[in-house]
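To start, the structure under review is shown below, and the notes come after it.
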Number of protein chains: 2
Amino acid sequence: MNKYEQLKLENQLCFPLYVCSKEIIRKYKPFLSKINLTYTQYLVMMVLWENDKINLKTLGEKLFLDSGTLTPVLIKLEQKGYVKRQKNKIDERNLIVEITKNGSLLKEQAKNIPKSLSQCIPISNEDAYNLYIILNKILKNINKEKDTSLID
Amino acid sequence: MNKYEQLKLENQLCFPLYVCSKEIIRKYKPFLSKINLTYTQYLVMMVLWENDKINLKTLGEKLFLDSGTLTPVLIKLEQKGYVKRQKNKIDERNLIVEITKNGSLLKEQAKNIPKSLSQCIPISNEDAYNLYIILNKILKNINKEKDTSLID
DNA sequence: AGTAATTAAATTGTGTACAATTTAATTAGA
DNA sequence: TCTAATTAAATTGTACACAATTTAATTACT
């Protein structure tokens with residue numbers, strides 16, 4: 001085994017992760033375009049379907065996205081009439097994102113998307129379960145070094 | 001279990017895939033910036049470190065990227081002096097991408113990146129192995145429906 | 001109270017990603 | 001052989017994604 005073995009594309013772990021992510025998001029497109037959403041917009045709506053109101057910072061922490069990404073996405077969702085954006089009266093640095101009636105109605109139209117998608121992804125139930133567990137384990141720890149740096 | 005259960009963010013499989021992919025690519029940045037590459041550029045270079053020459057179409061198939069993405073990436077790599085782009089004399093529709101001497105020298109500087117990265121990702125060897133297997137299984141089959149549609 | 005430090009969004013600039021279209025070259029078919 | 005169909009890149013337009021900076025509001029400190 002030569003010293004460059006780990007540089008081969010086929011030995012990468014991140015590469016198939018990156019490709020699977022992109023390819024699965026691509027599979028969402030025909031379903032999401034029916035309700036006029038992109039994948040990122042869909043993620044925001046999923047959060048709002050669970051919590052009517054949320055501030056941008058908290059939303060960003062849930063979705064692992066910053067204001068640089070979310071601000072334009074939220075402006076578009078507002079233009080589509082699915083969310084409302086307003087400053088927090090108590091602390092005007094905070095932006096409160098609130099779902100509208102039309103935004104809530106969209107949930108009904110979206111409810112079968114997860115099942116439709118699962119039929120597009122070639123994976124056994126067992127693999128899907130293991131994948132889910134492993135990925136969430138990674139996510140739980142991926143940015144932990146920030147915490148330890150506070151201790152040092 | 002209500003009819004919207006599968007719409008919850010925490011029940012998604014694609015979302016943690018998408019986040020892990022992004023977060024791991026972010027971990028690459030400090031290492032890649034030392035050799036003046038982005039992650040996408042690094043993927044191209046990994047292919048070229050294995051094959052000195054490749055045409056754009058084949059490169060795109062390996063990386064799951066199209067000419068719309070690769071053309072500007074290759075132009076940047078050419079400006080950095082790591083690749084050369086030239087038309088195939090036999091069939092001028094084909095673009096041949098060839099690694100330069102400087103591009104080859106970069107391999108030596110990159111050889112420890114995989115190990116550095118693996119130390120940044122909080123995952124056991126067993127989970128990493130299983131993840132690798134599952135993701136590659138998905139990739140192998142993800143765009144197969146194109147083939148079956150040819151049969152129908 | 002008044003200034004400094006901190007915080008949260010928005011903005012700016014760079015770099016993908018990809019669908020759709022265009023351009024140019026090659027191949028297939030009448 | 002000449003035209004139609006096909007192929008491969010490049011181009012165009014839209015939408016993230018994120019680092020870095022800016023702006024505005026709040027909090028901490030003297």
Side-chain angles (χ1 to χ4, degrees), chain A residues 14-15 18-30 32-33 36-45 54-80 83 85-97 143 150, chain B residues 14-15 18-30 32-33 36-45 54-80 83 85-97 143 150:
Chain A
C14 183
F15 173 64
Y18 153 82
V19 176
C20 280
S21 165
K22 284 193 312 158
E23 293 301 313
I24 293 175
I25 288 171
R26 189 212 303 277
K27 301 272 187 200
Y28 272 98
K29 279 183 188 167
L32 290 177
S33 69
N36 190 28
L37 291 180
T38 64
Y39 184 70
T40 313
Q41 291 165 9
Y42 174 62
L43 291 179
V44 171
M45 294 310 296
I54 191 169
N55 72 54
L56 192 152
K57 183 175 152 60
T58 311
L59 179 62
E61 283 165 359
K62 277 184 192 289
L63 298 181
F64 292 74
L65 293 171
D66 68 8
S67 68
T69 301
L70 284 174
T71 296
V73 168
L74 290 170
I75 288 171
K76 266 184 216 117
L77 285 173
E78 190 170 45
Q79 288 165 352
K80 296 182 194 201
V83 311
R85 294 159 70 245
Q86 60 197 86
K87 292 281 175 65
N88 183 341
K89 291 277 164 52
I90 312 297
D91 185 340
E92 298 223 335
R93 290 171 304 180
N94 280 270
L95 183 79
I96 299 179
V97 182
N143 289 325
L150 292 175
Chain B
C14 182
F15 174 64
Y18 153 83
V19 176
C20 280
S21 164
K22 284 194 311 158
E23 294 300 313
I24 294 176
I25 289 170
R26 190 211 304 278
K27 302 275 187 197
Y28 272 96
K29 280 186 186 164
L32 290 177
S33 69
N36 190 29
L37 291 180
T38 64
Y39 183 70
T40 312
Q41 291 164 10
Y42 174 61
L43 290 180
V44 171
M45 293 311 295
I54 192 169
N55 71 55
L56 193 153
K57 183 176 152 59
T58 311
L59 178 63
E61 284 165 358
K62 276 184 192 291
L63 297 180
F64 291 74
L65 293 170
D66 68 9
S67 68
T69 300
L70 285 175
T71 296
V73 168
L74 291 170
I75 288 171
K76 273 191 207 104
L77 284 174
E78 189 170 43
Q79 288 164 353
K80 297 183 193 200
V83 310
R85 294 159 71 243
Q86 60 198 86
K87 292 282 176 62
N88 183 340
K89 292 276 164 54
I90 313 298
D91 184 340
E92 298 223 335
R93 287 171 305 180
N94 280 269
L95 183 79
I96 299 180
V97 182
N143 289 324
L150 292 176

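Reminder, nothing fancy here: chain letters follow the sequence lines and each chain counts from 1. Heavy atoms only: backbone and side chains are in, while hydrogens, waters and symmetry mates are out.
- With dT26(D), dA10(D), dA25(C) as the candidates, the nucleotide lying closest to the side chain of Thr71(B) is dA10(D).
- Residue contacts for Ile75(A): at a heavy-atom cut-off of 4.0 Å it reaches no nucleic acid atom on any strand shown.
- Using a cut-off of 4.0 Å between Lys/Arg side-chain N and Asp/Glu carboxylate O, Glu61(B) and Lys57(B) are scored as salt-bridged.
- Phe15(B) pairs with exactly one of Leu43(A), Ile25(A), Ile24(A) by the side chain to side chain contact (heavy atoms under 4.5 Å, CB included) rule, that one being Leu43(A).
- Between Arg85(A) and dA10(C), a side-chain N or O to OP1/OP2 separation shorter than 4.0 Å is present.
- Where Arg93(A) and Lys87(B) each meet DNA chain C at their nearest nucleotide, the meeting point lying more 5' is that of Arg93(A).
- The phosphate of dG15(C) (OP1 or OP2) has no side-chain N or O of Tyr39(B) nearer than 4.0 angstrom.
- A sub-4.0 Å separation between OP1 or OP2 of dA9(C) and a side-chain N or O of Asn94(A) is present.
- Within 4.0 Å of Leu63(B), counting heavy atoms only, lies no atom of the nucleic acid at all.
- When rounded to the nearest whole Å, the span between NZ of Lys57(B) and P of dA24(C) equals 21 Å.
- Among the nucleotides dC18(C), dA17(C), dA25(D), the one closest to any side-chain atom of Asp66(B) is dC18(C).
- For Ser67(A) against dA8(C), a side-chain-to-base donor-acceptor contact under 3.5 Å is absent.
- Phosphate proximity of dA9(C) to Asn55(A): present, with a side-chain N or O under 4.0 Å from OP1 or OP2.
- As rounded to whole Å, 8 Å separates atom P of dA8(D) from atom CG of Asp91(B).
- Under 3.5 Å, the side chain of Thr38(A) and the base of dA15(D) form no donor-acceptor pair of N or O atoms.
- With rounding to whole Å, Ile25(A) atom CD1 is found 12 Å from dA19(C) atom P.
- A donor-acceptor pair under 3.5 Å is formed between the side chain of Lys22(A) and the backbone N or O of Phe64(B).
- Leu65(A) comes within contact range of the sugar-phosphate backbone alone, with a heavy-atom separation under 4.0 Å but no base atom that close.
- Ring planes of Tyr28(A) and Tyr39(A): tilted class, angle from 30 to 60°.
- Place Arg26(A) and Thr58(A) on DNA chain C by their nearest nucleotides, and Thr58(A) ends up nearer the 5' end.
- At the phosphate of dA17(D), neither OP1 nor OP2 sits under 4.0 Å from any side-chain N or O atom of Lys22(B).
- The side chain of Leu95(A) lies closest to dA9(C) when the candidates are dA9(C), dT16(C), dT26(D).
- In this entry the distance linking CG of Leu74(B) with P of dT11(D) reads 13 Å, nearest Å.
- Closest non-hydrogen pair, Leu74(B) versus Val83(B), comes out as O-CG2, 3.8 Å.
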